[in-house]
Protein chains: 4
Amino acid sequence: MSERTSSEEKRQLILDAAVRVFARKGYHECRVGDIAEEAGVAYGLLYHYFSSKEEVLETIFRDTWTMMLGAVSGIEGSGEPAPEQLRKVAAVVLRSWKRTPDLIGVLVREITRSPHLQDETKEIGEAFAALERIVSRGQEVGTFRADLEPRLCSIIFYGALEELLTGWVLGQLPDEDEDVERAIRTVATVVCGGLMVADAGRDGDGVPGKAEKEGFEPSKEVVTPLTP
Amino acid sequence: MSERTSSEEKRQLILDAAVRVFARKGYHECRVGDIAEEAGVAYGLLYHYFSSKEEVLETIFRDTWTMMLGAVSGIEGSGEPAPEQLRKVAAVVLRSWKRTPDLIGVLVREITRSPHLQDETKEIGEAFAALERIVSRGQEVGTFRADLEPRLCSIIFYGALEELLTGWVLGQLPDEDEDVERAIRTVATVVCGGLMVADAGRDGDGVPGKAEKEGFEPSKEVVTPLTP
Amino acid sequence: MSERTSSEEKRQLILDAAVRVFARKGYHECRVGDIAEEAGVAYGLLYHYFSSKEEVLETIFRDTWTMMLGAVSGIEGSGEPAPEQLRKVAAVVLRSWKRTPDLIGVLVREITRSPHLQDETKEIGEAFAALERIVSRGQEVGTFRADLEPRLCSIIFYGALEELLTGWVLGQLPDEDEDVERAIRTVATVVCGGLMVADAGRDGDGVPGKAEKEGFEPSKEVVTPLTP
Amino acid sequence: MSERTSSEEKRQLILDAAVRVFARKGYHECRVGDIAEEAGVAYGLLYHYFSSKEEVLETIFRDTWTMMLGAVSGIEGSGEPAPEQLRKVAAVVLRSWKRTPDLIGVLVREITRSPHLQDETKEIGEAFAALERIVSRGQEVGTFRADLEPRLCSIIFYGALEELLTGWVLGQLPDEDEDVERAIRTVATVVCGGLMVADAGRDGDGVPGKAEKEGFEPSKEVVTPLTP
DNA sequence: CATGAATGAGGGTTCATTCAT
DNA sequence: AATGAATGAACCCTCATTCAT
């Protein structure tokens with residue numbers, strides 16, 4: 001109780017500081033001292049908790065993707081229709097921009113750093129696998145057309161999300177709350193619309209159908225948020 | 001003929017070598033000496049043609065995006081229907097993986113690295129603008145539904161393409177010729193399908209419709225390939 | 001009895017651990033943490049008993065040279081003939097390799113490292129002085145030729161011992177018990193033989209003469225062993 | 001001709017500077033910058049010629065031992081009597097103190113640095129082997145007593161030389177020219193005296209016998225000096 | 001006594017860039 | 001145009017030492 005910051009808290013303190021610094025200057029452009037300074041700890045303490053600067057970044061990646069995986073898994077297990085599930089994934093992912101812009105900035109900017117992806121592939125791969133299963137089940141129940149590879153569809157869907165985040169990160173896209181909501185609707189509409197069989201529930205206004213209009217999103221509290 | 005390598009050829013020699021080295025080790029992980037060695041020239045000669053290591057990367061970016069912009073512009077001006085145009089953009093972009101995997105690898109891995117995007121934004125921005133106009137025109141002629149922002153749609157579309165390329169670059173996705181063609185069809189089907197108005201030309205199988213079956217792609221020679 | 005480890009024992013525990021670690025990795029190459037780990041104590045406890053890492057090494061040096069000095073002094077005061085005294089010194093020094101190889105390894109490897117010799121010079125110097133006196137007395141009683149400087153002789157003698165130890169430490173010389181005994185005989189024979197006046201006791205078989213054959217070494221228990 | 005310092009000369013410049021700095025402060029206590037400063041070159045240039053600070057020391061060791069080996073080999077092949085050969089080795093080794101005190105200081109102080117001896121063992125080992133052969137031949141022709149192991153004798157002999165050098169390096173021993181010459185005589189007398197058969201050439205004054213008095217050392221110019 | 005988190009100066013090394021040849 | 005030796009600032013990391021608990 002009286003302990004101000006436990007060991008684990010100190011570790012998180014450093015991670016949070018690293019996210020801010022990486023977001024501000026980029027991984028390669030920042031020095032280890034910047035992170036320590038931002039965290040308000042001594043230079044070498046970082047090396048008590050992490051074996052290298054790179055491990056700090058890897059930890060950020062892993063932690064985030066683990067959360068992401070948890071969120072997607074939760075949605076996947078909800079039993080809702082596939083289009084609604086994709087919509088929720090889009091909502092979780094895209095809303096995280098406003099929640100934790102620094103973290104998203106780091107992920108977007110450094111996502112393809114070679115060494116990480118090799119290792120992080122597990123978490124990322126599982127997240128993609130979950131998306132893939134959502135698409136597959138949509139196909140099985142006849143909601144989605146069956147002539148497309150679920151794998152490719154999950155990639156298309158996730159790529160769309162990532163590019164939207166990139167637009168916000170780079171300041172090339174307006175990101176007011178309503179802009180974010182519109183982006184969620186648009187990506188859900190386009191991708192789900194393209195995935196759904198031609199006449200399934202199509203009444204002329206696109207995928208999410210009436211649900212959208214009926215206040216389709218009570219799940220906000222249910223879904224694990226993407227961030228700490 | 002007797003001239004071994006002209007100045008301009010030497011410059012390109014270095015650029016090509018840089019692409020291979022960046023693809024192999026990444027921009028930050030490679031040394032200027034690696035590029036020179038790969039090009040078979042001396043250490044300092046690189047500085048006759050480029051003012052810095054970074055300018056080499058920027059040149060690769062600019063050249064490629066200029067080509068990309070040219071290709072997209074060409075497609076945009078073809079007068080074909082919007083879905084067909086998007087399809088061709090997808091074809092040009094995705095087929096470039098097999099043509100020039102190293103170059104794509106560099107673009108995918110380094111694409112969001114901070115300092116570059118500031119400058120490259122112009123070319124990239126114009127490419128996005130062209131995609132946006134394609135979507136807009138599809139909306140104007142009633143092919144695409146009008147209730148979606150063209151900007152967001154272009155982002156979704158391009159994000160899908162980039163994520164597919166990423167899958168190939170990272171070796172997480174099969175990339176035989178038929179896989180590439182399937183990816184082209186899939187992204188065109190999904191995105192165009194999601195963009196099109198519910199009953200416009202829908203005959204139950206999605207966007208590319210009959211066109212696909214009628215040998216829809218004589219454009220291979222027409223379209224400027226994405227690479228040198 | 002019930003006391004697990006007294007303060008003094010803990011101190012010695014750390015010293016013993018340090019000897020093992022220094023022998024294994026060398027003084028400069030090992031970390032303070034290595035010593036603590038080897039001793040099974042916590043990081044900072046070392047600083048309760050020693051003021052620095054260097055003091056640990058100095059303590060090892062001083063303790064050992066104090067013992068060495070004690071052994072040599074004991075031999076010097078035995079009243080035996082000079083050749084026999086040198087022989088016993090050789091025996092004490094060289095046999096210590098098998099007794100405490102780690103300690104000898106540390107002494108051999110770190111012996112001339114700069115800062116230590118300044119301080120240790122006192123003990124080392126006294127040991128050399130004792131050797132010198134042994135030689136001098138041999139000269140006074142006519143056993144050793146008088147035309148050689150005792151100081152140089154003591155250096156030659158000790159250098160021979162140290163180089164033999166070095167050969168064992170570096171694994172370049174066989175070190176079975178009989179090899180050690182042969183080394184003792186050889187160094188005594190060569191050095192004493194060279195020191196002795198041409199015809200003094202020379203009966204054709206070398207220095208230690210009959211003494212050697214008569215079981216010349218009952219001193220094993222008498223002489224203070226070189227090690228704790 | 002007009003070239004002030006060739007590449008090889010620059011390399012040697014750095015080595016010479018390193019010897020001076022190592023002699024002054026010791027290997028561990030000096031910084032790479034000290035070497036560069038002493039050599040009058042830039043910090044990083046050292047890394048053009050050597051891969052690390054340690055390689056600089058190793059090069060000094062190897063070069064010197066190669067010279068030592070050459071000198072000993074030359075003496076070994078001279079066909080002179082074994083005692084005279086040992087005497088010349090002593091002369092070459094001990095006189096090197098006055099010629100190149102810094103170099104000797106480095107060798108004496110750092111000789112047992114673990115990693116080096118593993119590698120340098122080849123040159124050092126060959127030098128010992130040459131000494132061993134000198135002793136063996138002395139035994140074969142009946143000059144040296146045959147009941148001693150040549151290997152041990154070579155170690156005893158070299159240890160004596162090294163300890164004398166150590167005495168000078170540490171300033172514990174007078175090192176005027178006459179002191180050096182006396183040390184040469186003493187070590188030759190003692191070791192050769194101990195090695196020789198009791199009455200072989202013994203006329204009461206030890207080994208070098210008359211030869212010494214007859215101007216026994218015209219070899220000064222003949223023998224390869226130990227230093228560059 | 002004992003612990004180990006915290007400190008931070010200092011080290012070796014790298015490497016983009018320059019420049020004399 | 002071409003070379004590669006020379007430069008030196010910058011960086012990551014180590015690790016002896018301290019100190020609050």
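In what follows, chains carry the letters A, B, and so on, assigned in the order in which the sequence lines appear, proteins first and then strands, with residues in each chain numbered from 1.
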Check every strand shown and say whether C/Phe50 touches a base, only sugar-phosphate, or nothing at a heavy-atom separation below 4.0 Å. nothing
Picking from F/dT17, F/dA6, E/dT17, the nucleotide nearest the side-chain atoms of C/Tyr47 would be F/dT17
So, does C/Tyr49 get its side chain near the phosphate of E/dA2, meaning an N or O under 4.0 Å from OP1 or OP2?
yes
Can you tell if the side chain of D/Leu107 reaches within under 4.5 Å of the side chain of D/Val169, non-hydrogen atoms only? no
Under 4.0 Å: is that the gap between some side-chain N or O of D/Lys53 and OP1 or OP2 of E/dG11? no
Between CG of D/Leu45 and P of E/dT18 the distance, given in whole Å, is 18 Å
Would you be so kind as to tabulate the donor-acceptor pairs closer than 3.5 Å made by side chains of residues 46-53 of chain D, with sequence neighbours excluded?
{"unit_1": "D/Ser52", "atom_1": "OG", "unit_2": "D/Glu54", "atom_2": "N", "d": "3.3"}
{"unit_1": "D/Ser52", "atom_1": "OG", "unit_2": "D/Glu55", "atom_2": "N", "d": "3.1"}
{"unit_1": "D/Lys53", "atom_1": "NZ", "unit_2": "D/Tyr27", "atom_2": "O", "d": "2.8"}
{"unit_1": "D/Lys53", "atom_1": "NZ", "unit_2": "D/Cys30", "atom_2": "O", "d": "2.9"}

Note: contacts of residues 30-41 of chain C with DNA chain F (heavy atom, under 4.0 Å) are C/Cys30, C/Arg31, C/Val32
Taking for B/Ala42 and for D/Leu46 the nucleotide of DNA chain F with the nearest heavy atom, the one nearer the 5' end belongs to B/Ala42
Those residues at least two apart in sequence (or on a different chain) that pass salt bridge (Lys or Arg N to Asp or Glu O under 4.0 Å) with C/Arg24 are C/Glu38
### Query
Between E/dT3 and C/Tyr43, is there an OP1 or OP2 to side-chain N/O distance shorter than 4.0 Å?
no
Residue-phosphate contact under 4.0 Å: D/His48 side-chain N/O, F/dA6 OP1/OP2 | no
Atom CD of A/Glu29 and atom C1' of F/dC12 are separated, to the nearest Å, by 15 Å
